[in-house]
Amino acid sequence: MYLKLIFKNVVKNIKDYGIYFFTLMISVAVFYSFNSIESQPVIEEAVNTNGTMMGTLIPMIHHISKFVAVMLAFLIIYANQFLLKRRKKELGVYMILGMSESRMSGIFVGETVIIGILAMIVGMGVGVIMSQGISMFAIKMFAYDMSEYRFAFSMVSFKETIICFAIIFVMVMIFNIITITKVKLIDLLMASRKNERMGVEKTGMFVIVFLCSLILFGLAGYLLYFKNGLSFKTNGPAICIVSICVGTAMLIYSVSGVVLKLLQKNKKWYLKGINSFLVRQISSKIQTNYLTMTVVSLLLTGTICIISVGMGMASSMNETAKNATPYDVVLYKFEDENESKDSFYDDLQAHGMEIDKSITDYEIIAAKTDDTFTYKDILSDTENLAPVDKKDVDSHVTVMSVSDYNAAMKLQGKEEVILADGQYMINSNYRGTNENIQAKYDSKPEITVGGTKLVPANDKVLHNTYYLTVVGTNDKGTVIVPDAVAETLNTDAYMFLGMMNPDYDQQVFKDNLLVLYGDVIHSPYSGYTKDMIQDAFYGTFAVAAFVACYIGVILLIICVALLSLQQLTETNDNVFRYQLLGKLGVERNLQNNALFKQVMMYFGVPLVVACIYAAAGLPKVLQKLKDALAMEVGSKASAIIIIMVVIYGSYFLITYFSCRRIIAENKGRSDID
């Protein structure tokens with residue numbers, strides 16, 4: 001009989017479980033999809049071969065998932081509280097009919113189990129589909145071959161998801177049992193009679209709080225934009241954070257009161273229809289829940305920034321990685337007076353590099369130097385350089401013959417440059433010196449290299465990459481000169497630029513590199529492969545970007561779930577007011593319209609605040625990241641908009657229709673009573 005009652009209750013109250021079901025479902029889907037990327041064949045192969053990048057990401061995702069599971073557990077328990085509150089009167093009736101507390105707990109636990117199983121099934125289905133998109137995103141982010149993508153299902157992640165959420169369900173069941181055994185009959189029967197207190201404060205107090213919030217925002221803005229408030233060498237970041245947090249709480253609390261007083265002065269509008277009810281209802285809810293809205297606003301700000309920067313970093317990094325690794329391998333041999341291009345090739349063969357088998361196409365170029373020609377000769381301002389760049393002001397500038405430069409460009413499939421006698425060009429792809437060199441180049445400076453005077457051959461500095469480095473694009477300035485001038489200079493290093501044979505074993509090639517290096521400290525050889533650079537430099541950023549997206553999505557789910565559950569709870573507690581509107585003759589469509597505006601305002605205020613904060617702070621954050629990472633970091637507004645529309649919009653609609661149904665059902669019960 002009890003089993004039949006459980007199934008009937010699930011069917012009857014299925015709409016009550018809407019938010020609970022949706023939260024469980026999307027949590028399961030996100031948890032599975034992010035944890036299953038290791039099942040993708042191309043990523044699994046990456047872990048087994050080079051391992052550095054993916055070998056870091058996969059364990060990190062698993063560790064973070066444990067923390068995510070704890071957050072989701074608290075969120076699901078919080079959602080479960082709403083269900084208990086919604087069903088208290090029903091449980092009170094069961095108690096009057098003589099049902100024991102253990103039976104009531106069993107009924108509620110049984111319903112929770114059924115909903116949980118349904119959410120797990122749907123969530124896993126959605127997660128499998130979502131995981132394919134995330135796998136493609138990961139493949140593209142880590143610059144793997146997209147043609148290697150295959151549909152994949154991860155049994156390991158499936159088991160982990162089942163175990164994780166089974167533990168959460170057990171926690172929810174225990175919480176339900178403890179809660180039900182502690183409640184009193186009078187509390188169960190009178191739960192629907194509780195109402196919130198309408199705060200009535202003086203206008204002057206609201207104005208004072210509002211002005212104080214503006215002062216705090218002014219302080220944060222001043223520190224952020226004029227005093228380098230993001231410098232962790234000062235107390236600026238801490239002061240900014242505290243000012244914004246306190247200022248947000250004061251702003252949300254005071255604006256509701258100020259707007260209420262202003263609207264009340266417009267009697268014609270305020271007394272029209274049910275505007276007075278709507279305004280006071282919204283004002284009351286914001287004043288009552290301003291702390292919740294503050295927390296959600298700040299979390300949403302973090303979410304927008306994290307996801308936007310994460311995806312922007314992934315996109316920028318992927319593009320930068322392609323530009324910074326035009327070859328599959330670059331090998332260097334530093335100054336040796338007996339060396340030549342041909343002997344360098346023979347050297348590599350003699351050391352077992354198997355160039356004839358491992359490389360399909362290659363070029364050998366020479367980097368030259370003039371002892372009298374330094375970077376200060378091509379920089380416009382040496383004082384405003386970053387400290388790390390100031391050290392190179394007196395260093396020798398790399399000089400290259402136009403033939404060697406064109407050979408490197410030809411290997412990349414790029415257009416060659418034309419240089420007449422007595423002319424030069426400059427190539428630079430390092431963001432720390434690019435603008436500085438261009439400013440000097442704009443003045444058409446005459447330089448002397450190898451005793452020959454040269455003038456610029458064009459108007460713009462070139463920004464191509466002709467060698468690989470583990471710190472990204474790092475050419476601080478290379479002067480391209482006619483071949484006759486280059487022949488008079490000393491050779492600083494020879495560079496072997498090669499394209500790998502895809503059929504050659506990559507691991508064998510890397511093992512041969514180690515043999516070539518020998519004693520690393522005293523070896524004249526050095527070199528990198530594209531995989532090594534992407535692992536060492538871009539792989540770190542890719543891992544950070546992927547994890548940022550994961551955490552950002554979880555934070556977004558928590559934010560909107562909190563808003564939704566808070567609004568449902570408030571509607572359930574204040575349904576009497578809407579019943580009173582019905583008794584006064586207010587039409588149902590007007591009530592629904594008022595409810596829609598109320599829910600929209602409750603969801604909209606934190607979102608608007610978060611968008612304003614993100615718009616104000618994101619450029620400074622991006623600039624800070626650019627300076628710290630020495631690479632361009634963009635933001636993906638389109639990505640965050642899509643995610644917001646899907647998740648935020650879904651919760652908003654589910655919340656509105658659930659609130660409307662709560663009011664409609666209670667109105668029907670009131671009419672019957």
Side-chain angles (χ1 to χ4, degrees), residues 199 206-225 229-230 237 239-263 279 281-309 551-567 570 596-622 635 637 639-641 643-645 647-652 655-656:
F206 286 123
V207 173
I208 292 173
V209 175
F210 177 73
L211 292 176
C212 289
S213 70
L214 294 183
I215 292 173
L216 290 174
F217 288 133
L219 173 62
Y222 175 73
L223 291 174
L224 186 63
Y225 283 92
L230 291 179
I239 296 175
C240 283
I241 291 173
V242 172
S243 298
I244 291 173
C245 291
V246 177
T248 303
M250 297 174 73
L251 178 68
I252 292 176
Y253 178 79
S254 61
V255 164
S256 62
V258 172
V259 172
L260 172 63
K261 299 301 181 182
L262 291 175
L263 292 176
V279 171
Q281 187 77 357
I282 293 175
S283 178
S284 174
K285 287 188 175 298
I286 292 178
Q287 289 178 40
T288 302
N289 302 303
Y290 72 95
L291 288 178
T292 300
M293 297 180 76
T294 298
V295 171
V296 171
S297 297
L298 297 174
L299 284 177
L300 275 177
T301 302
T303 298
I304 293 173
C305 292
I306 288 172
I307 296 178
S308 184
V309 171
I551 295 175
V553 171
I554 295 298
L555 284 177
L556 179 58
I557 294 173
I558 292 174
C559 288
V560 292
L562 285 175
L563 283 177
S564 181
L565 293 168
Q566 186 75 47
Q567 186 63 26
E570 294 292 336
F596 181 83
K597 291 178 180 178
Q598 177 183 315
V599 177
M600 182 175 66
M601 187 65 66
Y602 198 77
F603 272 74
V605 169
L607 182 59
V608 170
V609 171
C611 288
I612 293 174
Y613 285 177
L618 195 54
K620 299 296 291 185
V621 172
L622 292 176
S635 61
I640 190 64
I641 289 173
I643 293 174
M644 279 290 183
V645 168
I647 298 180
Y648 210 86
S650 297
Y651 267 96
F652 168 74
T655 303
Y656 165 65

Checklist entry - Are Y602 and Y656 an aromatic pair by the rule of ring centers under 6.0 Å? => result no

Item to check | Least distance between heavy atoms, L216 atom then M250 atom | outcome: CD1-SD, 3.8 Å

Next on the checklist: A side-chain contact here means heavy atoms from C-beta on lying under 4.5 Å apart; do V553 and I647 qualify?
Outcome noted: yes

Checklist outcome for this item: When rounded to the nearest 0.5 Å, the distance separating CD1 of I244 from CG of L223 is 9.5 Å

Next on the checklist: Is it the case that the side chain of Y651 and the backbone of C559 share a donor-acceptor pair, with hydrogens and angles ignored and the cut-off at 3.5 Å?
Outcome noted: no

Item to check | Donor-acceptor pair, side chain of S243 and main chain of C240, under 3.5 angstrom | outcome: no

Checklist entry - If you take all heavy atoms of V296 and P606, which pair is closest and at what distance? => result CG1-CB, 4.0 Å

Checklist entry - In terms of heavy-atom contacts, does CZ of F217 have more than 12 from other residues, nucleotides or ligands at under 6.0 Å? => result yes

Item to check | Pair V609-T301, side-chain contact (heavy atoms from CB on, under 4.5 Å): steps then yes or no | outcome: CA-CA 8 Å; V609 171; T301 302; 5.5 Å; no

Next on the checklist: Applying side-chain contact (heavy atoms from CB on, under 4.5 Å) to M600 and F652, what does each step give before you reach the verdict?
Outcome noted: CA-CA 7 Å; M600 182 175 66; F652 168 74; 3.9 Å; yes

Checklist entry - Would you say the side-chain atoms of S564 pair up with the backbone N or O of V560, donor to acceptor, closer than 3.5 Å? => result no

Checklist entry - Checking side-chain contact (heavy atoms from CB on, under 4.5 Å) for the pair C245/T294: CA distance, chi angles, key distance, verdict? => result CA-CA 7 Å; C245 291; T294 298; 5.7 Å; no

Next on the checklist: Quick check for you: to the nearest 0.5 Å, what is the distance between L300 atom CG and Y613 atom OH?
Outcome noted: 12.0 Å

Checklist entry - Passes side chain to side chain donor-acceptor pair (under 3.5 Å), S213 versus Y253? Steps please. => result CA-CA 10 Å; S213 70; Y253 178 79; over 6 Å; no

Checklist entry - Could you give the distance from OG1 (T303) to CG (L298), rounded to the nearest 0.5 Å? => result 10.5 Å

Checklist entry - So how far is it from I612 CD1 to S297 OG, rounded to the nearest 0.5 Å? => result 10.0 Å

Checklist entry - Less than 4.5 Å apart, any side-chain heavy atom of I304 and any of C611? => result yes

